[in-house]
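See below for the structure under consideration.
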Amino acid sequence: MHDIRFIRENPEDFDAALARRGLEPLAASLIALDEERRAAVTEVQVAQSRRNEASKLIGAAMAKGDREEAEAIKAEVAALKDAMPALEARADALAADLKGRLEIIPNLPGADVPDGAGEEDNRVESEWGTKRTFDFTPREHADIAPALGMDFETGARLSGARFTFLRGGMARLHRALGQFMLDVQTREHGYAECNPPVLVGDDAMYGTDKLPKFAEDSFCTTNGRWLIPTSEVSLTASVMGELLDEAALPMRLTALTLCFRSEAGAAGKDTRGFIRQHQFEKCELVSIVRPEDSEAEHQRMVRAAETILERLNLPYRKLLLCTGDMGFGARKTYDLEVWLPGQGAFREISSCSNTGDFQARRMNTRYRVAGEKKTEFVHTLNGSGLAVGRTLVAVIENYQNADGSVTVPDALLPYMGGVTRLEPLA
RNA sequence: GGAGAGGUGGCAGAGUGGUCGAAUGCGCCGCACUCGAAAUGCGGUUUACCGGCAACGGUAACGUGGGUUCGAAUCCCACCCUCUCCGCCA
């Protein structure tokens, strides 16, 4: 959510930043609407002020026992009261209109974010690892994995497209990945382990900028709760409405949860394999920090995500997303893309975003500056550390053998109960 | 799901139609006393919005949303949440 005062005071900067996102200027129309709103608010307040004053006079008159004077003032206030509902309705309508316009405007890109129209303009920041050379032609996970317990048919039969049933060693490897990620993030990077609800109310979704604009991307229950599209929602919204002590910051939270996405806009995209599912697991990282710390925290978070890939010895590259490819709430985003030898391509496996105070404003999450009276909005960051399903895909493709088996990465051996490779069933 | 009790400031806890944004205590901040500290005393200490260069003035907020009233923390209705008991149950 944007701060109308910032827009009022920096209209050119605001429009220039929107232009970098490919949007038309909006400052002038927003400011005009805000001026109308403020004038209406003032009108209401003047009327209320007069009403309050008169009411006190009535009280005083009654106390004196002067019923006549009290009745006279009552009549005066009655007239005033007739006019008030209309004034209030107008002020409310204008405020709602302004809010409705502000809440669907994406966050402004950071100064160091490269301009661009789409993913082709993202900037490769670094690349890590050595791509394995195969003495056979590496296959895609969707071809190898069914024999190892990744059962697409049963998933589809139970639930439809984009659902998968994992069995045996494949299910175990998937579990091992999640546990491994959670352990590294909690033990080595100081994230506090959480196990949050995966069904949340409107406020949590709104606060993390998934509503109102992206309602169709998530699943909603019949009694009005949302299945979280990412535990960013539950973790970030855990501080919704709070006034935090500065000493509580930075707050680092992680959770391994199921995530649910309707993939409404992705019809026909990645329909094969385990890449894009309606239900998937993700180890999420969330940081709540002071504004002056958010850039450093962002770098730290990306490193925490990179660590997982490095421990698994999976080659990857780090991208700084351009203005045209960033998500709605982000002001700066790094994506990590893992190398998939079967597909011969890098695929997104983590996305780490700094939202600045964008979500904090929507959630009304502030902190009190130590030793001072003033409060400030926190900055919130979120990142995948990592997406478990896609990491499973990456392990399968990078650790595959000519006979169709998959070697378990060393880092996962402690979690595999003695299993060192997944063997084809028949 | 049923019955009862309750939701007030950072915390505890008064207030049950009129100078109540709210007593009191704790905490916190400042000042005094002190070589210093403790103790003590005095003063201060919610948030958001509107107007104003500012000082300051105004409005709103006592779980949320409605209603009654000249006036609501206080009365009425609905909903949410917490606690206790009962039922059911992984």
Side-chain angles (χ1 to χ4, degrees), chain A residues 1-9 30-103 195-207 211 221-226 234 237-249 251 258 357 359-378:
Chain A
M1 179 70 92
H2 292 286
D3 180 9
I4 185 62
R5 261 185 305 191
F6 172 85
I7 299 172
R8 215 190 287 156
E9 284 157 23
L30 292 169
I31 290 169
L33 182 57
D34 183 52
E35 267 168 28
E36 244 190 295
R37 185 199 119 248
R38 279 151 64 210
V41 165
T42 300
E43 262 191 279
V44 168
Q45 292 189 352
V46 166
Q48 287 173 328
S49 178
R50 265 188 289 169
R51 182 201 59 193
N52 290 347
E53 206 179 340
S55 294
K56 281 181 188 167
L57 292 176
I58 294 169
M62 302 277 268
K64 268 194 319 202
D66 189 345
R67 285 203 78 80
E68 223 171 279
E69 192 187 335
E71 290 304 323
I73 306 172
K74 273 194 197 183
E76 197 183 309
V77 176
L80 182 62
K81 248 190 100 184
D82 284 341
M84 286 181 59
L87 293 178
E88 282 168 14
R90 189 174 129 76
D92 288 350
L94 287 166
D97 189 5
L98 183 63
K99 180 166 181 267
R101 294 200 206 186
L102 287 174
E103 68 193 2
N195 193 317
V198 297
L199 258 56
V200 299
D202 288 347
D203 290 350
M205 289 286 280
Y206 180 87
L211 289 178
T221 67
T222 52
N223 60 355
R225 279 189 263 271
W226 299 88
S234 309
S238 69
V239 294
M240 175 167 70
E242 291 199 35
L243 180 54
L244 303 165
D245 281 336
E246 185 170 11
L249 308 178
M251 190 183 288
L258 285 169
D357 63 8
Q359 293 180 326
R361 284 182 185 283
R362 294 172 86 101
M363 297 193 297
N364 191 27
T365 301
R366 296 157 300 156
Y367 73 100
R368 191 183 300 285
V369 180
E372 286 184 49
K373 267 197 75 172
K374 69 170 178 176
T375 61
E376 271 191 60
F377 287 108
V378 297

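Per chain, numbering begins at 1; letters A, B, ... match sequence-line order. The shown structure was predicted, so the numbers you read here are calculated from the model rather than taken from an experiment.
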Which residues pass the salt bridge (Lys or Arg N to Asp or Glu O under 4.0 Å) test with A:E376, sequence neighbours left out? A:K374
Salt bridge (Lys or Arg N to Asp or Glu O under 4.0 Å) partners of A:E36, counting only residues at least two apart: A:R90
Just the rounded figure in Å: distance from [atom2] of [N] to [atom1] of [X].
| X | N | atom1 | atom2 | result |
| --- | --- | --- | --- | --- |
| A:Y367 | B:rU47 | OH | P | 15 Å |
| A:M1 | B:rA48 | CE | C1' | 15 Å |
| A:N223 | B:rC80 | CG | C1' | 14 Å |
| A:D34 | B:rC50 | CG | C1' | 11 Å |
| A:F6 | B:rC49 | CZ | P | 16 Å |
| A:E242 | B:rA48 | CD | C1' | 18 Å |
| A:E246 | B:rG10 | CD | C1' | 16 Å |

Would you say [X] and [Y] make side-chain contact, with heavy atoms under 4.5 Å?
| X | Y | answer |
| --- | --- | --- |
| A:V378 | A:V239 | no |
| A:M1 | A:K99 | yes |
| A:D3 | A:D357 | no |

Do the side chain of [X] and the main chain of [Y] share a donor and acceptor less than 3.5 angstrom apart?
| X | Y | answer |
| --- | --- | --- |
| A:R362 | A:Y206 | yes |
| A:S234 | A:V198 | no |
| A:S49 | A:Q45 | no |

Rounded to the nearest 0.5 Å, how far apart are [atom1] of [X] and [atom2] of [Y]?
| X | Y | atom1 | atom2 | value |
| --- | --- | --- | --- | --- |
| A:T221 | A:L199 | OG1 | CG | 5.5 Å |
| A:M251 | A:Y367 | CE | OH | 13.0 Å |
| A:T42 | A:R37 | OG1 | CZ | 9.0 Å |
| A:E35 | A:L98 | CD | CG | 11.5 Å |

For atom [atom1], what is the distance between [N] and [M], given to the nearest Å?
| N | M | atom1 | result |
| --- | --- | --- | --- |
| B:rC11 | B:rC89 | P | 40 Å |
| B:rG9 | B:rU64 | P | 10 Å |
| B:rU45 | B:rG57 | P | 13 Å |
| B:rU8 | B:rC62 | P | 12 Å |
| B:rU46 | B:rC29 | C1' | 15 Å |
| B:rA48 | B:rG10 | P | 11 Å |
| B:rU84 | B:rA78 | C1' | 24 Å |
| B:rA38 | B:rA32 | P | 14 Å |

For B:rA48, does OP1 or OP2 lie under 4.0 Å from any side-chain N or O of A:R366? yes
Can you tell me if CZ on A:R225 sees more than 12 non-hydrogen neighbours from other groups inside 6.0 Å? no
So which protein nitrogen or oxygen atoms get under 3.5 Å of nucleotides 17-22 of chain B's nitrogens or oxygens?
from	atom 1	to	atom 2	distance (Å)
B:rG18	N2	A:S55	O	3.0

Let me see the working for A:I7 and A:L102 under side chain to side chain contact (heavy atoms under 4.5 Å, CB included), right down to the final yes or no. CA-CA 10 Å; A:I7 299 172; A:L102 287 174; 3.7 Å; yes
For the student: nearest non-hydrogen atoms of A:L87 and A:E43, plus distance: CD2-OE2, 3.4 Å
Scan nucleotides 58-67 of chain B nucleotide by nucleotide, 5' to 3', and note B when protein non-hydrogen atoms come under 4.0 Å of the base, S if they reach only the sugar-phosphate, - if neither. BBS-------
Enumerate the protein-to-nucleotides 51-54 of chain B contacts in which both atoms are nitrogen or oxygen and the separation is below 3.5 Å.
from	atom 1	to	atom 2	distance (Å)
B:rG51	OP1	A:R38	NE	2.8
B:rG51	OP1	A:R38	NH2	2.9

Reading RNA chain B 5' to 3', how would its secondary structure be written in dot-bracket notation, given Watson-Crick and G-U pairs with both distances under 3.5 Å, brackets [ ] for crossing pairs and | for partners on other strands? ((((((((.[[[..)..(.....]]]((((((.......))))))((((((....)))))).[[[[[..)....]]]]])))))))....
